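When a residue number appears, it is its place in the shown sequence, counting from 1. These numbers were taken from a predicted model, which means no experiment stands behind them.
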Amino acid sequence: MFVHNDKKLPVLRTVKAEWLVLCSVLLVSALMMGYFIWNERALLIASNIERMRLQTLIIDENLSRQFEGVRSALDSTRDAFRANGMCTADCRRLLLQSLKRAMPGVRALLVVDRHGAIVSSDDDLRDVRLDDSNYTSKVAAMRDADTLYLSQPYENTPGVFNIKLSMALMHADGTNNGAVIAILNPEYFDAVMRSALYAPDMNSAIIEDSGRRILYVPADPAAMRRALTLPDPFFTRHQRSGRADTAFDGLDAHGAPRLVVQRTMFMGGLGLDHTLVVSLGRDPAMIAQGWRSMAWSSALGWLLFALCATGTLALVHRRRQALDDLARLRADEQAAAAEKVELALNGANLGLWEWDMVADVRSVDARSAAMLGYTLEEQNRVLLDWRPLVHADDMPGLDAALAAHLADSSRSYEAEYRMRHRAGHWVWLQSRGRVVDRAPDSTPLRMLGTRMDISARKLAEAEIAHLAFYDGLTNLPNRRLLLDRLHHAIAKAGRSASHGAVLFVDLDNFKSLNDTMGHDMGDRLLEMVAFRLQEVTRETDTVARLGGDEFVILLEDLGTEQQAALDNAASVAGKVLEALSRCYLLDGHELLSTPSIGVVLFCQEHHTINDLLRQADMAMYEAKAAGRATFRFFDPRMQVALDASASLENDLRFALAGGQFELYYQPVVDVDGRVKGVEALLRWNHPRRGLTGPGDFIPQAEKSGLILELGAWVLEQACAQLVAWSVCADTAHLTMAVNVSARQFRQPHFVEQVLRVLEQTGADPRLLKLELTESMLLADMDEVIARMTTLKAHGVGFSLDDFGTGYSSLSYLKLLPIDQLKIDRSFVHDMLHTRHASSIVRAIVTLAYSMELDVVAEGVESREQWSALEAIGCNTFQGHLFGRAAPLMELPLAAPADCNALVA
């Protein structure tokens, strides 16, 4: 290296330090890589064990549910085959066939006597399925009626092992009378076990407590045959552990390495005579492939990194001397360039400054010193500590401009700031410059630049800005400046979580003053109003004139608590109201004028300037509506509700025009569960919200009047569907219940509308049932009865929905021409839990039958509710137990497809 002798030693030390650091980095990275690979191996093995544990749990749950179903089927079969049973032979075979079809894992169901001879089976094959003499000889020994007996696997077809589950048939005296047997389908259980194998090297097995495998996946007949002669060492270790689930690795019976997870099945309540163990095994070599591949790739990457780092460091050392030489040459060139710049500026009206950044000493020429009223000697002496002369408000901008230049030398340094003149006033200066000298490590050493007095330009800009941002009459900020300050106030409130407020002030009857006393007098009043507003507000607040007699007050820093901010804003509004309501003296005339004030708060929530001004304006109009000479607050929740309501109403109008509504139907069934009718329920296929229930849009439809169009559409669709069902014998009897809103029912031409739809569609009016709520009966009872009577005369039926939840008098119930009462779902839900709800349901059913009315229970969701309602005497039901509201094609109707197609 070509370096001076006095620099050789530091350079050599630097080189040694760099090589030492590189070696340390390589060593540490190698150790970390080894640690991460070893940790990854442990995590991989642990994750596989955990996954295998989960799979054994899934197999346990699936087999337990299947065995529970088999036990239930065997119990049902045993009940039918008791000696005093009323079921004939055909009845029994039909029962066996039904139970077999209901159990996908059962190959055959049969009954044998105590000698193992088949008495009955699910088909006519009497003796070909139970040829396991070892098993049949044990039938007579089955003495416990509650035990579920599991047979040993029997290979009656080569490669296919059958497993039997049995329950004893007992005489009344407790002796054995045979057994009911379910022959399990090995293919079904093979599929259940195979679903747990997520890797090709895996196997699964079910082992009983004797060590015999009763199921093995993948299928391996040889392994099944030698299960007793060649015991499984992993099963032996599992039994010795005494734990419910275990994970072992080692060699299997054939000497092959395996990782085995086993789980003892706890089938409580089944009474199984054997304990079963679920076993999952994997080849550890397959698990190790992942981390070994990562280890090889990591080692290769580390080797490449080491080679690249070593080569790079060597190249850096070779290039360092050349770079040092270039840096010195560049410094010489920069010094020469700085001298040329100084010569070029001698004839310009600019002052030069130079900054020694290491010593923080700034020197200037005579022209620069004169700009601040100093001689060259005085200025240089004062500027040894030049920062105190800079205006405190301009220092952040000056520092930012300097930092930007130092961070990116391609950007010139330029800043405008004020400095204290010798006479005491402030002088605006424009300073430009750049770093002209840097150390070898790029540390800036010296800056050179120019200075220019721009005070005259700043004064002109201030005058222009004042005219642009202030009102010419009141000298208050105008709308443009207000919007700018409001923008900053909103941003500040968002950062600090402090509340602010906007007060919109409008003078009452100002137009009358202008018309009667002239615009000059009105201008005088506006000037006095501006003066009084500034008197009652803080210096930090903004009082602006929007135009005419409208003023806006911007309040900031009202506190972080909303209630405190409300109190502070109300206090200011009260002061403004009191100040502007005092008498004005204008050219000897006493004039009284009052303001109306609207107030809106803002904080961290997203606000736009236009929203705040509009909301304050709305609050001001509320103050005028309240009698003027007062103030009102705007509640943001009102705006949200108004916007949401308007958006929903607009969406509803588009939905009506775009065909986004659809009818869903919920079945109404009789005591036998047969569908006797449906209730039509409206759904909205909203393009953004998806399928929407009526509770989310019917209230808005009622409010906006769109419920009339919606109701008419629902009625037309329901009647058209009745016509479609009428052509098929299976659906011709179905009734259709349609909900009618209060506003729809009370429209003047409702009766004519219903009759016209019936006539146009051709629907049978006797199958149409209009559902009314008790709230509709609270007013105009005579008119309601008259309309119902007219429609009733044409065959239309009526149902009183949600009965028991309204406030109608029972004395009117006998006057209403209704056909049906619907028990509200709340009573049905609570009847099994509270005595009062059950009593109410019983009373409604009794009342309905005493008045010869049908009664429907809504919201039936469980068989217990169904049974309780049947016991009370209710004979018609509706709820999720029998079917949820569904589209037309998903209704559980035994009818041709043509009958479920809506007639156009």
Side-chain angles (χ1 to χ4, degrees), residues 42-74 102-107 148 150-151 153 160-165 182-220 223-224 227 232 234-239 241-250 252 258-284 286-287 289-290:
L43 289 176
L44 190 61
I45 294 174
S47 65
N48 271 273
I49 291 175
E50 186 60 30
R51 186 173 182 182
M52 293 168 71
R53 288 183 192 274
L54 179 61
Q55 297 297 77
T56 59
L57 177 60
I58 293 173
I59 294 174
D60 185 357
E61 293 176 349
N62 288 337
L63 292 181
S64 296
R65 285 197 296 269
Q66 184 64 21
F67 282 1
E68 288 174 1
V70 172
R71 181 182 177 92
S72 177
L74 293 178
M103 302 298 297
V106 175
R107 172 177 289 180
L148 186 64
L150 175 68
S151 74
V160 178
F161 290 84
N162 285 326
I163 304 172
K164 307 174 187 67
L165 288 175
I183 302 178
L184 303 185
N185 187 349
E187 294 179 354
Y188 173 82
F189 290 93
D190 183 88
V192 173
M193 299 288 289
R194 194 175 297 278
S195 65
L197 306 183
Y198 57 87
D201 61 295
M202 292 185 69
N203 67 276
S204 62
I206 302 297
I207 308 171
E208 65 167 351
D209 46 14
S210 67
R212 176 72 181 258
R213 295 190 184 95
I214 65 172
L215 191 61
Y216 194 89
V217 176
D220 188 355
M224 293 288 290
D232 185 353
F234 292 102
F235 177 75
T236 303
R237 295 169 67 183
H238 175 76
Q239 283 189 316
S241 70
R243 299 196 301 271
D245 57 85
T246 59
F248 298 112
D249 60 350
D252 62 10
R258 302 293 290 176
L259 173 64
V260 178
V261 173
Q262 299 174 94
R263 178 182 183 85
T264 301
M265 297 174 59
F266 296 98
M267 293 183 276
L270 285 178
L272 195 65
D273 65 336
H274 288 286
T275 300
L276 301 183
V277 175
V278 181
S279 174
L280 278 180
R282 279 208 70 181
D283 185 356
M286 298 299 291
I287 299 176
Q289 285 181 353

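Counting heavy atoms from C-beta outward, Leu184 and Val70 have side chains that approach closer than 4.5 Å. Side chains of Ile287 and Leu259 form a contact here, defined as non-hydrogen atoms less than 4.5 Å apart. The shortest side-chain heavy-atom distance between Ile59 and Ile206 falls under the 4.5 Å cut-off. No side-chain heavy atom of Met265 sits under 4.5 Å from any side-chain heavy atom of Val277. Side-chain contact between Leu276 and Ile207 is absent, with no heavy-atom pair separated by less than 4.5 Å. In this structure, the side chains of Ser204 and Val278 stay at 4.5 Å or more apart for every pair of heavy atoms.
The salt bridge (charged side-chain N to carboxylate O under 4.0 Å, His left out) check on Asp283 picks up nothing, with sequence neighbours excluded. By the side-chain hydrogen bond (donor to acceptor under 3.5 Å, both in side chains) test, Asp249 pairs with no residue at all, sequence neighbours left out.
Side-chain N or O atoms of Gln262 include none that pairs as donor or acceptor with a backbone N or O of Thr246 at under 3.5 Å.
Minimum heavy-atom separation, Leu280 to Met52: O-CE, 3.2 Å. Residue Leu272 comes nearest to Leu150 through the heavy atom pair CD1-CB, 4.1 Å, listed as atom of the first residue, atom of the second, then distance. Of all heavy-atom pairs between Val217 and Leu197, the closest is CG1-CD1, 3.7 Å. Of all heavy-atom pairs spanning His274 and Asp209, the tightest one is ND1-OD1, 3.3 Å. Pro153 and Ile214 make their closest contact through CG-CA, 3.3 Å (heavy atoms, listed as atom of the first residue, atom of the second, distance). Between Ser195 and Gln55 the shortest heavy-atom distance is O-NE2, 3.9 Å.
Because its NZ or CZ atom is not both nearer than 6.0 Å to the ring centre of Phe234 and within 45° of the ring axis, Arg258 does not count as a cation-pi partner of that residue.
Distance CG/Leu148 to CD/Glu68: 11.0 Å, rounded to 0.5 Å. The CD atom of Gln289 lies 4.5 Å from the CE atom of Met286; values are rounded to the nearest 0.5 Å. Within the model, atoms CZ of Arg282 and CD1 of Ile45 stand 11.0 Å from one another, a figure rounded to the nearest 0.5 Å.
Thr264 and His238 share a donor-acceptor pair across their side chains, judged by distance under 3.5 Å alone.
Ion pair Arg263/Asp60 flagged as a salt bridge, since at least one NZ, NE, NH1 or NH2 atom sits closer than 4.0 Å to an Asp/Glu carboxylate oxygen.
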